[in-house]
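The structure presented is a predicted model; accordingly, all values stated were derived computationally and were not measured.
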Amino acid sequence: MVTVLNRRRHGFDVRIYPDDHEPPHVHVWKGGRQVKIDLETMEVISASHKFNSREIGQIVKLLLEHESLLLSVWKRLSIS
């Protein structure tokens with residue numbers, strides 16, 4: 001696991017796992033909760049614990065601000 005964005009705005013950690021499956025996505029953690037977000041659509045793929053709609057909006061905004069970096073790291077770490 002590579003933490004790409006650590007404790008950025010609102011305390012979210014954004015992680016990418018090496019050799020993870022498609023589609024390109026990130027795992028976002030906060031306070032023991034995790035949500036997986038598709039980097040192409042910015043939609044929630046799955047969540048271990050629910051984030052409220054405000055938090056999802058904050059996460060998506062953060063990911064959009066760093067989208068090119070996140071996709072670059074994903075491509076570097078992916079097996080495909």
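- Residues in residues 38-53 take part in no salt bridge (Lys or Arg N to Asp or Glu O under 4.0 Å) pair, two or more places apart or across chains.
- How far CG of Asp20 is from CG of Leu77: 9.5 Å, rounded to the nearest 0.5 Å.
- Counting heavy atoms from C-beta on, the side chains of Pro24 and Leu71 come closer than 4.5 Å.
- In this structure, the side chain of Ser48 does not engage the main chain of Arg33 through any donor-acceptor pair within 3.5 Å.
- In this structure, CG in Leu63 is found 9.5 Å from CZ in Phe12, a value given to the nearest 0.5 Å.
- For the pair His10/Glu55, no side-chain contact is recorded, criterion being any heavy-atom separation below 4.5 Å from C-beta on.
- From Arg15, atom CZ reaches atom CG of Asn6 across 8.0 Å, with rounding to the nearest 0.5 Å.
- Atom-to-atom distance recorded for Glu22:CD and Trp74:CH2 is 5.5 Å, nearest 0.5 angstrom.
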Step by step, work out the side-chain contact (heavy atoms from CB on, under 4.5 Å) result for Ile37 and Val44.
CA-CA 5 Å; Ile37 305 279; Val44 173; 3.7 Å; yes
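- How far CD1 of Ile16 is from OG of Ser72: 9.0 Å, rounded to the nearest 0.5 Å.
- With contacts defined as side-chain heavy-atom distances shorter than 4.5 Å, the pair Val14/Leu70 qualifies.
- Counting heavy atoms from C-beta outward, Val28 and Asp13 have side chains that stay 4.5 Å or more apart.
- Using a 4.5 Å heavy-atom cutoff, the side chains of Ile45 and Pro23 are in contact.
- Across all non-hydrogen atoms, the minimal contact from Ser78 to Asp19 is C-OD1, 4.2 Å.
- Remark: Arg76 pairs with Val73 by the side-chain contact (heavy atoms from CB on, under 4.5 Å) rule, at least two apart or across chains.
- Relative orientation of the Tyr17 and His27 rings is perpendicular, given thresholds of 30° and 60° on the angle between their planes.
- Residues passing the ring pair (Phe, Tyr, Trp, His ring centres under 6.0 Å) test with His49, sequence neighbours excluded: none.
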